[in-house]
Trainee: 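Pasting in a structure now, in structure tokens, and then I'll have a few things to ask.
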Amino acid sequence: MMSSSAIPITSRKTYTWLYFLFPSLAVMLVFFIYPILLTFFYSFTNLALTGESAKQLKFVGFDNYVRMFADPTVRVSIWNTLVFLIGSAVIGQQVLGFLIAILMKRKNKTFRRVIGTVVLAGWVTPEIVCALCLYSYFGDEGTLNAILSTLGIPTVTWLYTVPMLTIILANVWHGTAFSMLVFQAALDDVPKEIEEAALVDGASRWKILTSIILPYIKGTITTNAMLVTLQTLGVFGLIYAMTGGGPGTATTTLPIFMYNQAFINYQLGYGTAISLLLLLLGIVLSLFYIRTLKE
């Protein structure tokens, strides 16, 4: 029969883990869960920075969400966000980062150090500085048009004619280094013996890449895709500094539209509703990647 003195000791051991988790839980509650709940609450109000709505906070129910889904600019912003996401993160950074990593595979340290430093320069550059550099490059009198003029090729107003392409290229240049580093680490872990055995058996380089290397690092590919997708989903400063979301709404993504509504039009309640749409999109994409990882 269990003695009564053993019960509280067992109970203390059972709940000891709570003492160790409490600091982390407190930080998550204050800096993560509470802001989300507050944002969720404000999305159902008429919160504003100026005007009558700023004097008295009122609960407006689903008015902000009805307005949001009826607003054609929201649909344009969602489409622009997906195009920017797929072009710069899923395809651009992933593919270019992998190509650089595979080309640097088995190269000498000097070559890898030089190429790695060049690629890392874009990543370590602050986003706003990166935006100004690329704005100067794609501007009407920028570096790219100067090169075209020297070659006798007609110049192009890049930021007006193909604005989405310019911000995609800018974000690819800024963020490719992260994918390169992730893929470098994954490729270095692929056993050399397997590749050498495949070469002895007569497999081509392409066959080794598609049948050995890619299946071996498929978990890394999915994880990196999730990280760069979530990072790209919140890109604001680079787009705002280069195009401001224009011309018109050509490069207005959800973060840009949310900022305009909340801090340009002073409609914070409506802006927080848009931010929850952005959060929902991030959750859906995360769940998709997590499911892909499990499979």
Side-chain angles (χ1 to χ4, degrees), residues 39 42-43 46-51 53 60 62-93 127-142 144-145 155-175 228-285:
T39 300
Y42 283 148
S43 68
N46 65 339
L47 182 66
L49 289 176
T50 61
S53 299
V60 295
F62 290 94
D63 288 359
N64 288 327
Y65 292 94
V66 172
R67 174 187 173 188
M68 179 174 65
F69 289 110
D71 191 342
T73 308
V74 172
R75 294 190 289 272
V76 173
S77 300
I78 294 174
W79 172 253
N80 288 340
T81 301
L82 294 176
V83 171
F84 178 70
L85 197 62
I86 295 172
S88 65
V90 180
I91 297 178
Q93 294 182 34
E127 189 177 63
I128 187 64
V129 177
C130 174
L132 292 176
C133 291
L134 270 297
Y135 181 85
S136 299
Y137 182 78
F138 287 111
D140 294 346
E141 298 181 359
L144 182 55
N145 278 337
T155 60
V156 179
T157 54
W158 300 98
L159 294 171
Y160 183 81
T161 307
V162 284
M164 181 58 72
L165 178 61
T166 60
I167 63 173
I168 287 176
L169 293 176
N171 194 53
V172 169
W173 180 75
H174 180 57
V228 297
T229 295
L230 296 178
Q231 182 183 15
T232 304
L233 194 61
V235 171
F236 169 78
L238 185 142
I239 301 174
Y240 196 80
M242 288 187 67
T243 64
T249 57
T251 56
T252 300
T253 57
L254 282 174
I256 297 293
F257 185 63
M258 176 186 65
Y259 175 85
N260 289 337
Q261 296 302 314
F263 300 105
I264 302 299
N265 297 334
Y266 307 125
Q267 301 298 314
L268 290 179
Y270 186 43
T272 52
I274 299 170
S275 71
L276 287 178
L277 177 62
L278 185 64
L279 176 63
L280 178 62
L281 181 59
I283 292 173
V284 170
L285 292 174

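Computed from a predicted model, the values in this text were never measured in an experiment.
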Trainee: Can a donor-acceptor pair be found, under 3.5 Å and without considering hydrogens, that links the side chain of T81 to the backbone of L254?
Mentor: yes

Trainee: Between L134 and A170, which heavy-atom pair has the shortest distance, and what is it?
Mentor: CG-CB, 3.7 Å

Trainee: Search all heavy atoms of S275 against all heavy atoms of T39 and return the closest pair with its distance.
Mentor: OG-CG2, 3.4 Å

Trainee: Would you call I167 and F84 a side-chain contact if the rule is heavy atoms closer than 4.5 Å?
Mentor: yes

Trainee: Can you tell me how far apart CG (L277) and CE (M68) are? Round to the nearest 0.5 Å.
Mentor: 5.0 Å

Trainee: If we only count heavy atoms from C-beta on, is the I256 to N260 side-chain gap below 4.5 Å?
Mentor: yes

Trainee: I want to check something: taking the side chain as every heavy atom from C-beta on, are V76 and F257 in contact at a cut-off of under 4.5 Å?
Mentor: no

Trainee: For L238 versus C130, what's the shortest heavy-atom pair and its separation?
Mentor: CD1-SG, 4.0 Å

Trainee: Short question: side chain of T252, backbone of G245 - any donor-acceptor pair under 3.5 Å?
Mentor: yes

Trainee: Using the ring-ring contact (aromatic ring centres under 6.0 Å, His included) criterion, which residues pair with F69? Sequence neighbours excluded.
Mentor: none

Trainee: How long is the gap from CG on N171 to CD on Q93, to the nearest 0.5 Å?
Mentor: 5.0 Å

Trainee: side-chain contact (heavy atoms from CB on, under 4.5 Å), that's the test. Do Y65 and L276 meet it? Break it down for me.
Mentor: CA-CA 10 Å; Y65 292 94; L276 287 178; 3.0 Å; yes

Trainee: So do F138 and L169 actually touch side chain to side chain, heavy atoms under 4.5 Å?
Mentor: yes

Trainee: What distance do L285 atom CG and T232 atom OG1 have between them, rounded to the nearest 0.5 Å?
Mentor: 11.0 Å

Trainee: Please find the pair of heavy atoms, one from L159 and one from M242, that lie closest to each other, and give the distance.
Mentor: CD2-CE, 4.0 Å

Trainee: For V156, does its backbone N or O pair with a side-chain atom of N145 as donor and acceptor, under 3.5 Å?
Mentor: yes

Trainee: Specify the closest pair of heavy atoms between L233 and P255, including all atoms of both residues, with the distance to one decimal.
Mentor: O-CG, 3.5 Å

Trainee: Going by heavy atoms in the side chains, are R75 and P72 under 4.5 Å from each other?
Mentor: yes

Trainee: Over all heavy atoms of both residues, which pair between G237 and E127 is shortest? Give the atoms and the distance, please.
Mentor: N-OE1, 3.3 Å

Trainee: Only counting residues at least two apart or in another chain, list the ones meeting ring-ring contact (aromatic ring centres under 6.0 Å, His included) with F236.
Mentor: Y240, Y259

Trainee: Are more than 12 heavy atoms from other residues, nucleotides or ligands located less than 6.0 Å from atom OH of Y135?
Mentor: no

Trainee: Working to the nearest 0.5 angstrom, can you tell me the gap between M164 CE and I239 CD1?
Mentor: 7.0 Å

Trainee: Apply side-chain contact (heavy atoms from CB on, under 4.5 Å) to F263 and L268, showing your working.
Mentor: CA-CA 7 Å; F263 300 105; L268 290 179; 4.1 Å; yes

Trainee: Drop me the distance from T229's OG1 to I86's CD1, to the nearest 0.5 angstrom.
Mentor: 9.5 Å

Trainee: Examine distances only and state if a side-chain atom of N46 and a backbone atom of G269 form a donor-acceptor pair shorter than 3.5 Å.
Mentor: no

Trainee: Under a 3.5 Å threshold, yes or no: a donor from one side chain and an acceptor from the other, between T243 and T251?
Mentor: yes

Trainee: Supply the atom-to-atom distance M258 CE to T253 OG1, rounded to the nearest 0.5 angstrom.
Mentor: 9.0 Å

Trainee: Would you check if the side chain of Q261 reaches a backbone N or O of Y270 as a donor-acceptor pair within less than 3.5 Å?
Mentor: no

